[in-house]
There are 2 protein chains.
Amino acid sequence: MENRSSKKRSAIVETGWRLLSYHGTERISVEEICREAGVSKMTFYKYFANKQAMIGAILKDLLQTMDARIDAIRKSDLPYQEKIKAFIRLKMEQAAPLGWRLHKEFRECPGHKWLDEIKAWNDKVIRGFLDDVKEKIAAGEIRTNVNPETFLYIVERMTDWAADERFVGRYVTVEAMASEVLNFLFYGFLGQGAVKWL
Amino acid sequence: MENRSSKKRSAIVETGWRLLSYHGTERISVEEICREAGVSKMTFYKYFANKQAMIGAILKDLLQTMDARIDAIRKSDLPYQEKIKAFIRLKMEQAAPLGWRLHKEFRECPGHKWLDEIKAWNDKVIRGFLDDVKEKIAAGEIRTNVNPETFLYIVERMTDWAADERFVGRYVTVEAMASEVLNFLFYGFLGQGAVKWL
DNA sequence: TTTAATATATACGATAATCGTACGTTAAAT
DNA sequence: ATTTAACGTACGATTATCGTATATATTAAA
């Protein structure tokens, strides 16, 4: 049956996602995926009707996973600071994962099949997070040396960075990138202490 | 003759670079380049022996251009800050010029033909600036907890904010905005000193 | 203007990649 | 032992790609 937890299927999904996020939807082939995943083509067609179906399944899984992670953060009893960090990290780890490559492809091909779904999901994530932050700032539970509006704007812009190849391309892992951004967001470029330029 | 300024050749180089920087060296074909450039294959092979030769020529041209720009900055008698700005601009505008895509490909394929050349070039561009910054950091004149390259990127992005009315519109004066941005840039979201979360 | 040289386009054969499937094989469940 | 699910091999059909041989147009020289 369509055993969703088959090892072979997992291998296909994993390899498929890797190649997909790197090369886009057009420049990959099922043969390549099978080759790299160590799976025969017949097995591939056992689980997926074709490449398109596989992509759809992968994206669907991805969005589901992300939703679950978001809910987990929301429901958790982490201190609010940690929640914010978790959100930002999630957003960055996902925006890249969703793939700058795919973002671009989707953007460039308007009538794209999964465009709306992804956009909707994206909005959902951002709005949910920003609304929470706004609320806390308005309630005075968060104090910052920066105007709240400025903060919100910056956070919004930062999510763009994660889809910018010039930025993402410098980091080996998404974790490293997210960590760096968080570090900057909270503490700025300069460490505390005397600072001189020239 | 191998007219280096032929229109057709330019079209090939231009399109070739676009596709190359986007899809990498492996996932493009000369037929595709010719198709997109509006050039016949025969013309392609008039100017280049094959795809590899074309890539080599493109990269060579690119590096030469970049070298010239770097030297121009170095030789200029601009004040130090202006030189830094120029470097930032060079690095950000053109300078992922090699394209994150190629950087990654080269990084992942050690025995790559142009790896050394490109690495050397990259060092020349980045080191020139970053070494200066790092020097200042080491000398205690600048202290930072953020990767200098990240800093470069962020600075560049901040210049975008200044052109975004959603951002500018919040401030009565330009000074207020600059102050806010600098405050954020230097100290991050959290001010040093008494900052409470929750 | 005629002629030679050069630039560009078309057509081609050879090879390889890709798709989706028919069929055979293993391994486990009944 | 027999059925059934999972998986691999081999296949035909189609398409892409390479590099070249040949044909045409354009330009420069005589």
Side-chain angles (χ1 to χ4, degrees), chain A residues 1-61 99 101-102 105 108-109 112-114, chain B residues 1-61 101-102 105 108-109 111-114:
Chain A
M1 281 285 182
E2 295 182 1
N3 185 1
R4 211 155 284 262
S5 56
S6 157
K7 275 191 180 181
K8 296 287 182 178
R9 188 183 188 276
S10 299
I12 294 173
V13 167
E14 206 168 314
T15 303
W17 169 243
R18 181 170 54 80
L19 294 174
L20 176 67
S21 62
Y22 194 48
H23 297 295
T25 63
E26 297 304 321
R27 277 170 154 85
I28 59 177
S29 69
V30 302
E31 302 220 334
E32 181 188 18
I33 294 170
C34 293
R35 208 183 310 130
E36 297 233 350
V39 165
S40 85
K41 248 195 308 184
M42 200 51 220
T43 304
F44 179 96
Y45 284 105
K46 202 81 187 175
Y47 291 114
F48 308 101
N50 49 38
K51 194 174 77 179
Q52 296 297 310
M54 184 205 68
I55 294 172
I58 287 178
L59 292 182
K60 192 181 168 190
D61 284 1
R101 183 67 182 70
L102 289 183
E105 182 174 328
E108 284 167 5
C109 309
H112 213 296
K113 201 177 174 183
W114 301 288
Chain B
M1 282 283 185
E2 294 182 0
N3 186 2
R4 211 154 284 264
S5 56
S6 156
K7 275 190 179 179
K8 296 284 182 177
R9 188 182 188 278
S10 299
I12 293 172
V13 168
E14 207 167 314
T15 304
W17 169 243
R18 181 169 55 80
L19 295 174
L20 176 67
S21 63
Y22 193 48
H23 297 295
T25 62
E26 299 303 323
R27 278 169 153 85
I28 59 176
S29 70
V30 304
E31 300 220 336
E32 181 188 19
I33 293 170
C34 293
R35 208 183 309 130
E36 297 233 350
V39 166
S40 86
K41 249 195 307 182
M42 199 54 220
T43 305
F44 179 96
Y45 284 105
K46 202 78 187 175
Y47 291 116
F48 308 102
N50 48 39
K51 193 176 77 178
Q52 297 297 311
M54 183 205 67
I55 294 173
I58 288 178
L59 292 182
K60 193 180 166 188
D61 285 2
R101 181 66 182 71
L102 288 183
E105 180 175 329
E108 284 165 6
C109 309
H112 212 295
K113 200 178 173 182
W114 302 288

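Note on naming: letters A, B, ... go to the chains in the order of the sequence lines (proteins, then strands), and numbering restarts at 1 for each one. All figures in this text were calculated on a predicted structure; none of them were measured in a lab.
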(request) Would you kindly give the CG-to-P distance between L19(B) and dT17(D), to the nearest whole Å? (result) 12 Å
(message) Nearest whole Å is fine: how far is dT17(D) C1' from H23(B) NE2?
(response) 16 Å
(request) Let me have a per-nucleotide readout for nucleotides 8-20 of chain C, 5' to 3', with B, S or -, counting only protein heavy atoms under 4.0 Å. (result) BBB-------BBB
(request) Flag the pair L59(A) / W17(A) as yes when at least one side-chain heavy-atom distance between them is below 4.5 Å, and no otherwise. (result) yes
(message) Between R27(A) and I28(B), is there a side-chain heavy-atom distance shorter than 4.5 Å?
(response) yes
(request) For K41(A), enumerate each residue passing the salt bridge (charged side-chain N to carboxylate O under 4.0 Å, His left out) test, keeping only those at least two apart in sequence or located in another chain. (result) E31(A)
(request) Go through the structure and list residues passing side-chain hydrogen bond (donor to acceptor under 3.5 Å, both in side chains) with T15(A), not counting sequence neighbours. (result) none
(message) Tell me every residue that passes ring pair (Phe, Tyr, Trp, His ring centres under 6.0 Å) with F48(B), counting only those two or more places apart in sequence or in another chain.
(response) F44(B)
Got a list of protein N/O to nucleotides 26-30 of chain C N/O distances below 3.5 Å?
none

(message) Per the salt bridge (Lys or Arg N to Asp or Glu O under 4.0 Å) rule, what does the pair list look like for residues 11-25 of chain B, sequence neighbours excluded?
(response) R18(B)-E36(B)
(request) Measure the shortest side-chain to side-chain distance between N50(A) and V30(A) over non-hydrogen atoms and say whether it is less than 4.5 angstrom. (result) no
(message) Can you tell me how far apart OG (S40(B)) and CZ (R35(B)) are? Round to the nearest 0.5 Å.
(response) 13.5 Å
